[in-house]
> 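Have a look at the structure that comes next, please.
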Number of protein chains: 2
Amino acid sequence: MRRMTARPANAHQARLLRLLRDGGPNSRAQLGDQVDLSRSKLAVEVDRLLETRLVVADGLAASRGGRRSHNVRLNPHLRFLGVDIGATSVDVAVTNAELEILGHINQPMDVREGPVAVFEQVLAMAAKLKASGLAEGFDGAGIGVPGPVRFPEGVPVAPPIMPGWDGFPVREALSQELGCPVMVDNDVNLMAMGEQHAGVARTVADFLCVKIGTGIGCGIVVGGEVYRGTTGSAGDIGHIQAVPDGRPCACGNRGCLEAHFSGAALARDATEAAQQRLSAELASRLEANGTLSAVDVAAAAAAGDATALDLIREGGNRTGQVIAGLVSFFNPGLVVIGGGVTGLGHTLLAAIRTQVYRQSLPLATGNLPIVLGELGPTAGVIGAARLISDHLFSPA
Amino acid sequence: MRRMTARPANAHQARLLRLLRDGGPNSRAQLGDQVDLSRSKLAVEVDRLLETRLVVADGLAASRGGRRSHNVRLNPHLRFLGVDIGATSVDVAVTNAELEILGHINQPMDVREGPVAVFEQVLAMAAKLKASGLAEGFDGAGIGVPGPVRFPEGVPVAPPIMPGWDGFPVREALSQELGCPVMVDNDVNLMAMGEQHAGVARTVADFLCVKIGTGIGCGIVVGGEVYRGTTGSAGDIGHIQAVPDGRPCACGNRGCLEAHFSGAALARDATEAAQQRLSAELASRLEANGTLSAVDVAAAAAAGDATALDLIREGGNRTGQVIAGLVSFFNPGLVVIGGGVTGLGHTLLAAIRTQVYRQSLPLATGNLPIVLGELGPTAGVIGAARLISDHLFSPA
DNA sequence: CTACTTTTTCCACTCACAGGACAAAGGTGT
DNA sequence: ACACCTTTGTCCTGTGAGTGGAAAAAGTAG
């Protein structure tokens with residue numbers, strides 16, 4: 001099949017496409033209930049969308065008491081590629097136009113090998129998904145990278161953990177390779193968009209999405225839109241000082257949140273504890289694998305290991321302190337915790353909640369849910385698909 | 001004169017009114033250069049505005065080489081009332097529709113006397129301005145209060161320093177008394193709007209405005225619009241923990257920024273230092289007045305008093321630490337420092353800058369100006385006038 | 001005074017859209 | 001099976017917003 005290249009011709013069409021994306025197949029009448037257009041106007045626009053083949057007929061709709069209506073839906077052959085590049089692994093997924101995941105691959109990887117090597121791997125993964133019959137090509141792709149991005153151009157800027165990526169034209173290069181439109185954003189922002197689209201944040205306009213993985217970042221959503229800041233580095237909370245004169249951090253300062261709690265810090269602390277024989281559980285795991293990661297700490301904690309639990313609680317407290325400050329400042333309607341360390345589960349969440357509810361003022365915390373992300377590792381790729389679909393489903 | 005009650009009939013008219021507000025008298029042709037409307041359409045809308053008397057003719061425009069054009073301007077009889085209620089004083093000002101201050105009164109006051117007493121005083125001040133011939137009535141009023149506000153209703157909610165104001169229908173009551181539309185907001189947000197309209201933030205879309213007065217708050221502007229948070233308490237940074245296990249704060253926690261640095265904290269620390277004879281300068285001032293305030297500390301510092309300078313520097317460091325975190329999180333294009341303690345001037349600013357530039361990442365601080373507000377005590381009332389004019393100059 | 005600019009007014013034309021009339025297609029009750 | 005109601009889809013005309021060209025009006029420059 002030749003790929004779709006059509007785009008909505010006006011704001012009405014864009015609106016309809018998004019409704020079909022978020023609400024699945026719909027009859028013209030149902031669409032009419034949502035858009036405040038006259039029936040005639042609506043019919044014209046739907047017909048034009050059918051002509052472009054972005055939208056296709058989809059059988060009869062359920063009866064609402066009178067003449068039955070014919071459903072329309074987004075073309076089921078449309079395919080989006082969602083790519084979530086982490087520090088140590090990549091997720092690549094294929095979705096349909098309704099952003100349902102049709103196939104998903106995760107592979108270990110090292111961003112530090114540079115953009116060329118990484119994208120070679122990503123393209124191979126995409127090819128594998130194609131080969132398995134899920135897609136014949138892609139109509140758009142969203143890419144998440146673990147660092148700040150100059151959003152309009154789709155170019156990473158001065159990413160601390162990705163030497164070699166600074167200024168690399170990710171958007172242009174991938175658009176060339178894939179032969180489709182591409183949008184690039186920070187991985188944390190994509191996670192926020194994912195949870196907003198299909199996760200816990202569906203109904204909230206203003207929220208924070210804290211991702212604790214190898215590093216720590218925070219997606220900021222204002223009025224339903226991701227806020228990226230003046231230079232695209234908004235949400236970079238990993239280097240906020242959490243402990244005065246604390247641990248030295250790679251950034252040159254001391255006491256950064258990331259230096260005290262993150263996937264990397266947790267692995268280091270756990271290894272230390274194991275070597276000092278503070279925890280039999282961790283020590284035996286260290287011997288077995290040669291190294292420890294956040295997963296081991298989670299397992300040890302689940303087995304009731306006191307040292308592991310302490311590590312999690314301590315980290316949660318630090319994180320909670322920082323989040324408490326952000327809550328006072330930003331007054332969000334929801335805080336989502338996600339990323340690799342969500343495996344630490346309720347222990348972590350409880351520690352964070354305790355700090356936030358204790359330190360922030362009642363008016364800000366009164367009705368503030370603090371919850372774990374619902375989508376786990378798929379949040380990023382769903383967010384990526386959402387990013388490109390928002391772009392494509394907007395007036396040209 | 002009867003007050004204007006007309007409102008713009010559509011978005012074009014609203015746009016034109018704001019252009020005339022921000023740019024002063026303009027010819028039709030100049031307006032046409034700014035709005036992307038056909039000449040005919042523009043002429044129609046301007047004529048309708050002239051009919052409503054919101055806009056009036058204003059002589060010939062400067063020649064641009066051909067036929068000279070007739071200027072139009074906002075009706076010079078329009079009057080807005082700007083009220084900025086602080087913890088210990090009120091500012092009341094009258095502006096024209098271009099938000100130029102025509103008269104301004106400041107009086108000491110105590111918010112804790114409750115809304116009825118305070119508004120009695122405010123109305124008396126407004127009457128005084130009227131009596132001096134500056135206004136025959138008001139076409140709108142903006143009110144700033146030192147606490148969180150449920151913005152759509154114009155009602156303070158759970159304001160810590162304003163017992164007795166919780167739930168008081170400020171907007172409705174004043175609208176009744178003044179006989180004109182009223183909008184209510186947090187005083188810090190108004191300061192931000194003031195600096196945005198006529199001060200240092202004229203060209204910046206995303207910025208923070210930190211007000212250090214009796215308490216500490218922060219106005220947040222996102223994409224040119226004030227962000228108020230889910231419950232209207234966004235920017236409430238006074239109770240972010242600045243010092244672990246620090247001074248006890250009125251809010252029940254310890255180490256809040258406000259407990260360590262604010263007008264109140266500074267006065268207390270200065271008094272302590274004077275009593276302990278650490279500073280001759282402060283001691284003599286304490287003897288002379290019986291009490292010390294931020295103004296005394298500023299004067300002592302200006303005279304070279306080491307203790308006063310230390311107090312300022314220490315406070316600036318604490319504030320700078322908190323701001324550094326906010327800068328990492330929010331990635332603003334500008335940070336404005338304002339409020340009562342701006343009298344502390346460059347010593348304070350230097351301390352804040354040092355902390356922010358040291359603690360935040362280069363990408364966020366690279367091109368980040370941190371400056372004192374330009375408008376001083378008029379920022380609040382200008383912001384108040386701006387608030388109500390934004391409301392009135394929007395489609396009905 | 002002439003040539004050129006700029007501004008303003010006038011007018012015909014396009015276009016988006018609303019909303020009513022009507023037809024089509026289904027349910028519901030007798 | 002039939003009449004009647006409801007919902008849905010289509011057609012068509014009216015309306016108001018807005019565009020853009022032509023020409024008049026009112027200047028400036030030489």
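Here is the naming used below: chain letters follow the sequence lines, and residue numbers restart at 1 for every chain.
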> Under 6.0 Å from the six-membered ring centre of A:F138 and within 45° of its axis: does the NZ or CZ of A:R79 meet both?
no

> Think A:R64 has a side-chain N or O under 4.0 angstrom from the OP1 or OP2 of D:dT8?
yes

> C:dT8 C1' sits how many Å from B:E45 CD, rounded?
16 Å

> Looking only at N and O atoms, is any donor in the side chain of B:R68 or the base of D:dA26 less than 3.5 Å from an acceptor on the other one?
no

> Give the rounded distance in Å between these two atoms: CD of B:Q30 and C1' of C:dT8.
15 Å

> Using OP1 and OP2 only, check whether a side-chain N or O of A:S40 sits under 4.0 Å from D:dC12.
no

> Reckon B:H12 has a side-chain N or O less than 4.0 Å from the OP1 or OP2 of D:dG18?
yes

> Atom CG of B:N71 to atom P of D:dG27: distance rounded to whole Å?
14 Å

> Can you tell me if B:S27 touches the phosphate of C:dT7, counting only side-chain N or O atoms and a distance under 4.0 Å to OP1 or OP2?
no

> Between A:D22 and A:R18, does at least one N-O distance fall below 4.0 Å, as a salt bridge requires?
no

> Can you name the one residue among B:R21, B:H197, B:E98 that meets side chain to side chain donor-acceptor pair (under 3.5 Å) with B:S389?
B:R21

> Applying a 4.0 Å non-hydrogen cut-off, can you work out what B:S38 is touching in the nucleic acid: base, sugar-phosphate, or nothing?
base

> Is the CZ atom of B:R53 crowded by more than 12 outside heavy atoms at less than 6.0 Å?
no

> Quick check on the 6.0 Å ring-centre criterion: do B:Y227 and A:F330 meet it?
yes

> Could you state the NZ-C1' distance from A:K41 to C:dA18, rounded to the nearest angstrom?
11 Å

> Rounded to whole Å, please give me the gap between CG in A:L50 and P in D:dG9.
12 Å

> Considering every strand and a 4.0 Å limit on heavy-atom distances, what is the contact class for B:R28: base, sugar-phosphate, or nothing?
sugar-phosphate

> Just how far, in rounded Å, is C1' of C:dA16 from CD of A:Q13?
13 Å

> Figure out the CG/P separation between A:L42 and C:dC17, and round it to whole Å.
12 Å

> What I want to check is whether an N or O donor and acceptor connect the side chain of A:R67 with the base of D:dT7 at under 3.5 Å.
no

> Using whole Å, report how far CZ of B:R48 lies from C1' of D:dG16.
10 Å

> From C:dT7, D:dT8, D:dT19, pick the nucleotide closest to the side chain of B:A29?
C:dT7

